[in-house]
Amino acid sequence: AVKSWILPFLDAGQDNLTPLGRLEKYAFSENIFNRQIVARGLIDVLREFSDNENDFISIMETVARMSEDAEPTVRAELMEQVPNIAMFLHESRPNFPVAFSRYLVPIVVRYLTDPNNQVRKTSQAALLVLLEQGLICKTDMEGKVCPVLLELTEPNSDDDYKIEALAIMCKLITMLGKDTVEHRLLLRYCELCSDSRLFQVRKVCAVNFGEFCSIVGQEATEKLLLPKFYDLCSDSLWGIRKACAECFMVVSHCTSAVVRRSKLSPLFINLISDQSRWVRQAAFQSLGRFISTFATPSGTGFHFHEDGTLREIRTFNKQQASSSSLSICFPESPPHLDLTEQCSEKVLSASQTPEDTYYPPAQSLNKPPAEGIILVRSECSTPTFNQQTDDMYNSFHYWRPVLPDISQDLELLQSEGKDEETGKEMLKGEEEVPNLNPKDPAMSCQIQKVLESLQPHLDDPDVQAQVQVLSAALKAAQLESQENDGDQVVSVLGNEGITHKPPEMDAHFLNTPPTSPGSSVLVNGGHVALYSHNTAPLSKIIWNCSMSMLSIFLVLSNVVPQQLLDQYLSMTDPARAQTVDTEIARHCAFSLPGVALTLGRQNWHCLKDTYETLATDVQWKVRRTLAFSIHELAVILGDQLTAADLVPIFNGFLKDLDEVRIGVLKHLYDFLKLLHADKRREYLYQLQEFMVTDNSRNWRFRFELAEQLILIIELYSHHDVYNYLRQIALDLCSDKVSEVRWISYKLVVEILQKLYSCGAHDLSLNFINELVVRFCHCPKWVGRQAFAFICQAVVEEDCMPMDQFAQHLLPCLLSLSSDPVPNVRVLVAKALRQSVLEKCKIFTCTNSPVFFPALLDTKPSSKSLRLTVRADALTPAFCHF
């Protein structure tokens with residue numbers, strides 16, 4: 001029915017007009033109030049009279065004429081009703097697109113240029129609602145809406161119109177296709193980005209720059225949009241530069257890796273060092289997200305699944321069994337630093353405690369190495385070196401050089417020819433290993449060309465380091481004929497590490513005695529040295545070391561520009577909180593998993609100290625952020641690094657504030673499943689601690705614990721589940737909050753299913769007896785009601801054989817059919833009707849007709865229960881309680 005406030009306009013009166021005739025009369029009355037009432041009640045009029053086609057057309061014609069009203073308030077009232085009218089027509093009219101396009105779209109478009117500000121704002125809001133609901137067809141958007149927006153954004157257009165039209169244009173692109181945006185709106189948007197007269201226009205462009213890049217794709221972004229983005233990032237107004245910093249990650253996603261590294265990285269460094277604190281703050285907030293755009297599935301070994309989870313890419317290399325790489329670790333390096341991701345290494349640091357130290361299997365190791373020494377033992381030899389057999393001397397098995405065995409040397413010389421042939425075959429089979437023969441003039445010429453191409457970029461420390469390594473390799477190729485015997489040490493790096501080496505390194509490099517294939521790799525105080533007791537060409541050893549160092553540069557320097565990584569690591573500096581943002585540490589913690597994914601687990605040592613600093617931050621919000629993401633970081637790092645570096649931090653979070661512990665608890669299953677069984681079992685003793693909270697009213701904490709325990713059951717044996725998780729589940733079943741109790745009943749059912757699935761019948765029977773005593777015989781009706789629910793869930797989930805259920809649980813369930821509390825009897829009836837009676841085999845497997853009469857033999861006080869069970873047992877009819 002039509003609402004009462006519009007009835008006086010439609011009721012028959014002295015003028016003898018029809019309701020629609022009277023509607024038209026008041027729609028064009030001289031009284032402004034009458035016209036406003038008609039505009040406000042149009043949707044109700046359409047609901048009443050739209051069934052008749054003629055009436056519908058008459059009403060729509062009236063709407064079209066009212067849109068030309070001279071009073072702005074009437075036009076505004078009319079425009080407010082347009083989205084409602086459109087939704088009604090879309091639901092009730094089969095020819096909605098035609099009517100909407102003919103009558104309503106022209107009104108919305110015309111009001112975008114209305115001289116009254118209120119009418120324009122109302123039409124803009126209505127247009128956005130229509131676009132979000134998908135009520136405007138593509139033809140109308142391209143043929144009616146876009147031309148108006150282009151007209152309003154012309155250089156000679158009114159300032160207010162231009163700003164408003166640009167805002168609509170930026171929201172419109174997400175609902176248009178790529179071709180439409182690129183052909184109709186992109187060029188105009190580029191012009192507006194360079195508007196020198198109105199900073200508001202440039203700011204709107206900067207705020208929405210990322211959305212335009214996402215729509216038009218990489219080619220148009222690099223060709224047309226990036227030049228404008230460079231100008232916006234250097235705009236004189238800090239607000240525009242801040243907007244650019246905020247959308248930097250989205251823009252980076254739409255560019256190639258080369259452009260991202262060579263163009264966007266220096267641009268972002270400028271924003272980080274901007275003179276405005278607000279710009280620096282926005283830049284640091286986006287820094288981690290920008291670094292994450294450098295990640296590639298081929299480089300990280302991970303990809304995002306359709307459900308949003310991070311999955312590891314499983315690859316198998318046919319040459320994995322016979323190929324390897326030279327592995328060089330640093331004092332802060334984690335285990336498994338593998339330059340080609342084809343070999344695994346074992347790392348031992350003297351700074352570790354005996355309990356935390358991994359010792360190689362050699363029986364001759366009686367004492368740890370000197371301070372700062374890291375021993376690397378590769379499980380496979382380097383393909384560029386002459387291979388050695390397993391029974392020969394291998395210095396990786398010793399802490400210090402020992403005297404060589406002459407017989408072993410003789411054997412090595414005899415097998416040298418065979419080893420060289422084997423090495424050549426491996427080099428041919430390994431597709432990814434280039435020809436690094438130092439005797440090849442073409443290779444030396446190629447290195448010379450690379451050095452010449454890097455000369456213009458010597459200002460970059462990374463380039464300087466690569467030039468020095470390549471120079472050493474080139475000199476090594478020129479010294480191919482030099483050989484020395486005896487104990488040798490080749491110093492590869494100086495005290496300054498990889499990225500900063502003195503110019504004298506080359507001379508030191510060449511004046512040091514050579515090493516032999518298969519030498520030990522030791523790191524001491526930043527020096528990387530190769531120890532050997534065999535002979536080999538100096539140029540070949542230096543060449544392979546130089547190429548290995550170059551591989552490290554490609555991993556450490558070329559993954560992420562060093563300046564970006566340095567700025568990110570500085571976010572934990574207390575001075576940053578004073579000069580940039582007090583919340584900067586939280587932003588660092590938020591983006592750390594993305595940065596770790598980009599660098600890869602082989603470069604985790606770059607972030608380890610930062611992560612430990614954040615984990616001990618005084619702000620609980622920082623620790624909470626890490627707690628919520630520690631499971632994702634564990635997936636990225638793998639089980640070994642997780643056990644070594646994340647487990648101690650995880651243990652600290654378990655003892656933190658509830659605000660931090662909830663982050664660990666929400667993903668407890670995800671983290672524990674990544675640990676080894678022995679390490680995972682240690683947390684069985686700590687699960688009980690989650691029952692204690694800082695605030696007893698924090699029932700959601702216990703609810704989350706019950707949900708996680710349901711998942712965790714599969715990670716432990718049935719004995720552990722019975723001994724540790726059973727008691728926690730029973731305690732949760734007695735919680736004061738109903739939501740916690742109901743989820744805990746499901747946990748009890750999962751435990752029972754675990755016990756039966758593992759064949760632990762004795763434990764299952766003990767658990768059933770405990771449930772009967774605790775719930776079926778509970779003095780509180782809530783416990784007895786819980787027993788009915790548990791029985792129903794046991795049957796529905798097939799947790800136990802039905803004969804076992806009929807023997808141990810069904811009699812107790814039937815005993816509750818005469819319970820004095822109606823709520824208990826009702827839940828018993830539901831359990832019998834919805835679950836138990838569906839399992840018809842229960843009456844045949846018991847070999848006794850006692851159960852079926854028991855269902856019908858109830859007291860008169862249980863009439864509702866009796867009727868319900870009889871109706872389900874005897875007829876398929878549905879019976880209400």
Side-chain angles (χ1 to χ4, degrees), residues 163 166-167 170-171 189 192-195 198-214 221 225-255 259-261 263-295 560-595 598 610 614 617 619 621-622 625 629:
I163 297 173
L166 177 59
C170 293
K171 295 179 180 179
Y189 176 79
L192 295 173
C193 289
S194 303
D195 192 309
L198 293 175
F199 74 90
Q200 296 92 337
V201 173
R202 300 197 306 275
K203 185 173 182 179
V204 174
C205 291
V207 169
N208 299 276
F209 204 93
E211 295 181 356
F212 260 93
C213 294
S214 301
T221 297
L225 291 178
L226 279 188
K228 305 299 179 182
F229 189 67
Y230 302 152
D231 296 336
L232 292 174
C233 288
S234 58
D235 196 274
S236 58
L237 293 178
W238 67 266
I240 298 176
R241 301 195 302 273
K242 177 177 178 292
C244 291
E246 292 172 346
C247 68
F248 216 94
M249 181 196 70
V250 182
V251 176
S252 178
H253 266 300
C254 302
T255 60
V259 173
R260 186 179 302 123
R261 174 176 295 276
K263 303 295 183 181
L264 294 184
S265 296
L267 195 64
F268 196 85
I269 293 298
N270 293 336
L271 293 177
I272 285 182
S273 57
D274 195 273
Q275 59 182 356
S276 172
R277 176 173 179 171
W278 305 111
V279 178
R280 297 196 305 271
Q281 178 178 335
F284 273 107
Q285 292 177 6
S286 302
L287 176 57
R289 289 174 287 174
F290 175 52
I291 292 177
S292 67
T293 61
F294 288 83
V560 176
Q562 187 64 38
Q563 287 182 304
L564 290 179
L565 185 58
D566 292 341
Q567 292 290 347
Y568 179 79
L569 298 179
S570 69
M571 293 177 70
T572 57
D573 188 352
R576 293 291 191 188
Q578 301 296 328
T579 60
V580 180
D581 184 10
T582 56
E583 297 287 333
I584 190 172
R586 187 164 63 91
H587 293 293
C588 179
F590 177 79
S591 57
L592 193 140
V595 177
T598 304
T610 299
L614 293 172
D617 194 276
Q619 300 184 53
K621 292 182 179 180
V622 177
T625 303
S629 62

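- Contact between Thr255 and Ser252 at its shortest, heavy atoms only, is OG1-O, 2.9 Å.
- Residue pairs satisfying the salt bridge (charged side-chain N to carboxylate O under 4.0 Å, His left out) criterion with at least one member in residues 264-281, sequence neighbours excluded, are listed as follows: Arg241-Asp274.
- Within the 4.5 Å cutoff, the side chain of Leu267 has heavy atoms near those of the Phe248 side chain.
- For the atom pair OG (Ser591) and CE (Met571), the distance works out to 5.5 Å, reported to the nearest 0.5 Å.
- Asp573 pairs by the side chain to side chain donor-acceptor pair (under 3.5 Å) definition with nothing, not counting sequence neighbours.
- A search for side-chain contact (heavy atoms from CB on, under 4.5 Å) contacts involving Ala589 returns Leu614, Val622, Thr625, Leu626, not counting sequence neighbours.
- Phe284 is linked by a ring-ring contact (aromatic ring centres under 6.0 Å, His included) to nothing, counting only residues two or more places apart in sequence or in another chain.
- Of the inter-residue distances, the one linking Thr293 atom OG1 with His253 atom NE2 reads 6.0 Å to the nearest 0.5 angstrom.
- Atom CG of Asn270 and atom SG of Cys244 lie 12.5 Å apart (nearest 0.5 Å).
- Residues forming a side chain to side chain donor-acceptor pair (under 3.5 Å) with Asp235 (at least two apart in sequence, or on another chain): Arg202.
- Contact record, Tyr568 with Cys588: OH-O, 2.7 Å, taken as the closest heavy-atom pair.
- No side-chain heavy atom of Lys203 sits under 4.5 Å from any side-chain heavy atom of Leu237.
- When Cys254, Cys213, Cys205 are each tested for a side-chain contact (heavy atoms from CB on, under 4.5 Å) with Leu225, only one passes: Cys213.
- For Glu246, the side-chain contact (heavy atoms from CB on, under 4.5 Å) criterion is met by Lys242, Ala282, not counting sequence neighbours.
- Rounding to the nearest 0.5 angstrom, the gap separating the CG atom in Leu271 from the OG atom in Ser276 is 10.5 Å.
- Atoms CG and OG1, from Leu592 and Thr572 in turn, are 10.0 Å apart once rounded to the nearest 0.5 Å.
- Contact detail for Val560 and Leu564: the closest heavy-atom pair is CG1-CB, 4.1 Å.
- Checked against side chain to side chain donor-acceptor pair (under 3.5 Å), Gln281 has no partners two or more places apart in sequence or in another chain.
- Rounding to the nearest 0.5 Å gives a distance of 11.0 Å between CD1 of Ile240 and CH2 of Trp238.
- Within the 4.5 Å cutoff, the side chain of Leu198 has no heavy atoms near those of the Leu192 side chain.
- By the side-chain contact (heavy atoms from CB on, under 4.5 Å) test, Lys228 is found to be paired with Cys190, Cys193, Ser194, Phe209, residues two or more places apart in sequence or in another chain being considered.
- Under the rule for a salt bridge (Lys or Arg N to Asp or Glu O under 4.0 Å), the partners of Asp195 that lie at least two apart in sequence or sit in another chain are Lys162.
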### Task
Mind running side-chain contact (heavy atoms from CB on, under 4.5 Å) on Phe199 and Val204 for me, showing each step along the way?
CA-CA 9 Å; Phe199 74 90; Val204 174; over 6 Å; no

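- When all heavy atoms are compared, the tightest approach of Thr598 to Ala295 is OG1-CB, 3.5 Å.
- In this structure, Gly210 and Val250 approach most closely via the heavy-atom pair O-CG1, 3.3 Å.
- Legend: side-chain hydrogen bond (donor to acceptor under 3.5 Å, both in side chains) pairs involving residues 574-583, not counting sequence neighbours, sorted by first then second residue: Gln285-Asp581, Gln567-Arg576, Ser570-Arg576, Glu583-Arg586.
- For Ser286, the side-chain contact (heavy atoms from CB on, under 4.5 Å) test picks out Phe268, Arg289, with sequence neighbours left out.
- Atom OH of Tyr189 has more than 12 neighbouring heavy atoms from other residues, nucleotides or ligands inside a 6.0 Å radius.
- The minimum heavy-atom distance linking Cys247 with Ala206 is given by the pair SG-O, 3.6 Å.
- Not counting sequence neighbours, Ser265 has no partner by the side chain to side chain donor-acceptor pair (under 3.5 Å) test.
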